[in-house]
Amino acid sequence: MTTVTLHDLRKEFDDVVAVNGIDLEIVDGEFLVIVGPSGCGKSTTLRLLAGLEDATGGEIVMDGRDVTAVEPKDRNVAMVFQNYALYPHMTGRRNITFGMKSSGDFTDEAIDRRVGEAAETLDIADLLDRKPQAMSGGERQRVALGRAIVRDPDAFLMDEPLSNLDAKLRIQMRAELAQLHTSLGTTTVYVTHDQTEAMTLGERVVVMNDGRIMQVDEPQTLYDFPANRFVAEFIGDPAMNMLPVDIENGTAVHDAFAIPLPNADGGLRNGANGDGDVPIRDGRRAVLGVRPEDLYLATERPDASGETLAATVDVTEPLGDSLLLHCSIGESPCKIQAKPRSDIRPGDTVSIAYDPARLHCFDPESGDAFYHSESDASSESVAAAADQGR
Ligand SMILES: Nc1ncnc2c1ncn2[C@@H]1O[C@H](COP(=O)(O)OP(=O)(O)OP(=O)(O)O)[C@@H](O)[C@H]1O
Ligand SMILES: [Mg+2]
């Protein structure tokens with residue numbers, strides 16, 4: 001069993017703060033994904049876990065043991081890299097067994113048995129006698145995984161292991177990794193900058209920005225209840241629309257529309273300062289967040305009630321399964337995911353309806369979410385977001 005706890009973990013390189021005080025509890029056997037934009041500190045966090053970097057501050061505890069200053073080889077974790085890091089002059093088998101042989105911890109029989117098991121799990125038996133140059137990218141990545149699993153580590157640490165593969169192979173390997181995790185049950189920390197990979201693979205997802213954790217939650221919770229504007233815009237494609245509004249009498253008032261916020265009395269919260277159920281000030285400024293897929297043409301659902309917004313279509317993008325409309329609502333740009341095959345043209349004025357259960361409000365300065373219109377889970381999520389303190 002392996003739980004990993006990070007306490008106020010920091011890493012500075014000269015004048016760069018790569019990891020800026022991270023607190024995180026990684027549960028035994030979970031598949032945890034760290035996602036965030038380039039340079040946010042994902043790889044550095046993983047390398048700190050592996051012991052490949054020395055922490056500037058804070059501590060790393062594995063199963064109750066402080067390993068912050070422990071050598072990588074004594075941590076019993078296995079790292080899988082983006083570039084596979086296979087030795088080109090060695091066969092698949094030698095690549096897999098190299099670390100085991102040199103450690104002296106394993107008999108030849110034990111090594112053979114483990115390679116056999118790994119080869120079966122990963123379906124790489126016929127790659128064992130080939131050198132990397134005679135393997136495809138996906139095959140190399142499987143051999144690199146084989147090298148990690150033969151060691152039977154306490155945790156896998158994977159840094160963008162699929163990003164050198166083409167799109168199709170990536171989707172296939174993604175499913176294989178998920179299966180592998182189900183069968184081995186080994187605690188896994190997986191780093192990617194790809195939000196789709198994060199959402200599909202992660203049992204929980206850590207969103208990072210600028211060396212800090214923005215939110216840790218299950219994928220659907222991140223999508224439904226983003227704790228702040230960064231997460232709201234990072235998770236989901238196309239990104240959530242952000243419209244500047246004033247809150248007046250529980251209504252979001254924009255230059256071009258006014259829409260009532262459901263559950264405004266009970267649901268409006270000032271989560272940003274951690275006070276929980278504080279009704280927000282009338283007249284305060286806010287950023288109203290609505291996802292493109294939660295907006296639709298009023299003509300698509302004639303029976304829907306509620307307000308509609310007038311929008312001018314600037315650009316149309318047929319995506320096959322939907323029609324993405326780049327619009328202007330007053331002065332604000334806004335994307336709308338409409339049904340495909342409609343004959344809308346740039347320059348048209350359209351009437352837009354929205355899903356009232358999917359509205360979000362963010363503080364214009366701090367970016368913290370203080371309102372989600374869906375009532376059930378929102379209270380917990382907003383309070384939790386405030387507790388995490390960004
Ligand atoms: N060895 C180093 N020396 C100096 N700065 C470094 C070093 N390693 C990383 N950094 C800096 O630390 C920050 C975080 O880097 P890191 O590699 O962790 O980012 P990342 O989230 O993995 O990004 P990417 O998605 O591009 O891989 C960056 O600003 C990077 O330039
Ligand atoms: Mg990286």
Side-chain angles (χ1 to χ4, degrees), residues 4-24 26 31-60 67-69 71-72 75 77-86 137 140-141 144-145 147-148 155-167 170-171 173-174 177 188-202 204-217 219 222 226-237 239 367 388 390:
V4 185
T5 311
L6 311 183
H7 288 299
D8 196 20
L9 191 65
R10 290 182 67 80
K11 177 65 185 178
E12 294 164 23
F13 296 104
D14 305 325
D15 52 347
V16 180
V17 183
V19 176
N20 194 356
I22 283 190
D23 291 297
L24 185 63
I26 303 161
F31 200 120
L32 183 86
V33 176
I34 303 180
V35 69
S38 187
C40 72
K42 306 180 293 292
S43 296
T44 307
T45 304
L46 208 65
R47 293 171 60 80
L48 285 164
L49 276 170
L52 300 173
E53 302 281 359
D54 293 326
T56 315
E59 57 180 16
I60 303 169
V67 298
T68 320
E71 290 290 306
R75 293 194 187 190
V77 296
M79 189 121 173
V80 182
F81 299 93
Q82 169 179 356
N83 58 9
Y84 325 129
L86 296 180
R140 281 178 212 171
Q141 195 51 280
L145 280 169
R147 183 176 50 188
F156 291 120
L157 307 176
M158 304 192 181
D159 193 353
E160 314 234 13
L162 307 185
S163 54
N164 282 2
L165 307 179
D166 68 45
R170 215 156 50 218
I171 292 171
M173 286 294 292
R174 200 162 79 195
L177 274 180
T188 303
V189 184
Y190 185 103
V191 160
T192 177
H193 62 269
D194 178 345
Q195 53 128 345
T196 312
E197 220 166 87
M199 298 285 281
T200 50
L201 275 174
R204 285 193 309 154
V205 176
V206 178
V207 182
M208 276 186 79
N209 186 33
D210 245 350
R212 291 173 194 272
I213 291 181
M214 297 280 107
Q215 187 171 0
V216 187
D217 259 312
L222 285 180
N228 51 58
R229 200 173 155 166
F230 180 84
V231 175
E233 291 180 284
F234 192 81
I235 301 289
D237 184 29
Q388 275 171 9
R390 289 171 302 126

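Each ligand, and each atom within it, is numbered from 1 in the order the structure gives.
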Would you give the length of the straight line joining atom [atom1] of [X] to atom [atom2] of [Y], rounded to the nearest 0.5 angstrom?
X    : Y    : atom1 : atom2 : answer
N164 : R140 : CG    : CZ    : 9.5 Å
T196 : R174 : OG1   : CZ    : 6.5 Å
L162 : E197 : CG    : CD    : 5.0 Å

Worksheet item: After noting the C-alpha distance and the side-chain angles of E233 and R229, does the key distance pass the salt bridge (Lys or Arg N to Asp or Glu O under 4.0 Å) rule?
Response: CA-CA 6 Å; E233 291 180 284; R229 200 173 155 166; 3.2 Å; yes
For the backbone of [Y] and the side chain of [X], can you confirm whether one donor and one acceptor N or O come within less than 3.5 Å of each other?
X    : Y    : value
D23  : D8   : yes
R204 : P219 : no
K11  : D54  : yes
E12  : A18  : no
D210 : R212 : no

Nearest neighbour of [atom] from the list [options], on a heavy-atom basis:
atom                    : options             : result
atom 16 (P) of ligand 1 : D15, T44, T192, L46 : T44
atom 11 (C) of ligand 1 : V17, V16, V35       : V16
atom 25 (O) of ligand 1 : K42, H193, E12      : K42

Minimum-distance protein heavy atom relative to [atom]:
atom                    : value
atom 12 (O) of ligand 1 : A18 CB, 3.3 Å
atom 23 (O) of ligand 1 : G39 N, 2.7 Å
atom 9 (C) of ligand 1  : F13 CE1, 3.5 Å
atom 22 (O) of ligand 1 : S43 OG, 2.7 Å
atom 26 (O) of ligand 1 : S38 OG, 2.5 Å

Discussion item. For atom 30 (C) of ligand 1, is there a protein heavy atom at a distance under 4.0 Å?
Written reply: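 Within 4.0 Å of atom 30 (C) of ligand 1, no protein heavy atoms are found.
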Worksheet item: Under 4.0 Å from atom 5 (N) of ligand 1, do we find at least one protein heavy atom?
Response: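 So atom 5 (N) of ligand 1 has protein heavy-atom neighbours under 4.0 Å.
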Practice prompt. Can you sort out which atoms of ligand 1 are near C40, meaning under 4.0 Å from one of its heavy atoms?
Written response: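 Heavy-atom distances to C40 below 4.0 Å select 19 (O), 21 (O).
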Item to complete: Enumerate the atoms of ligand 1 whose separation from the nearest heavy atom of E160 is less than 4.0 angstrom.
Response: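 So the atoms of ligand 1 that pass are 25 (O).
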Item to complete: Measure M208 to ligand 1 on non-hydrogen atoms and call it side chain, backbone, both or neither using the 4.0 Å cut-off.
Response: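 None of M208 does.
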Item to complete: List the atom of A50, the atom of M79, and the distance in Å for their closest heavy-atom pair.
Response: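 Minimum heavy-atom contact is CB-SD, 3.7 Å.
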Discussion item. Against ligand 1, does G36 come closer than 4.0 Å with any heavy atom?
Written reply: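 So G36 does not count as touching ligand 1.
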Worksheet item: Does T44 bring an N, O or S atom to under 2.8 Å of the Mg ion (ligand 2)?
Response: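 No, since none of the N, O or S atoms of T44 sits under 2.8 Å from the Mg ion (ligand 2).
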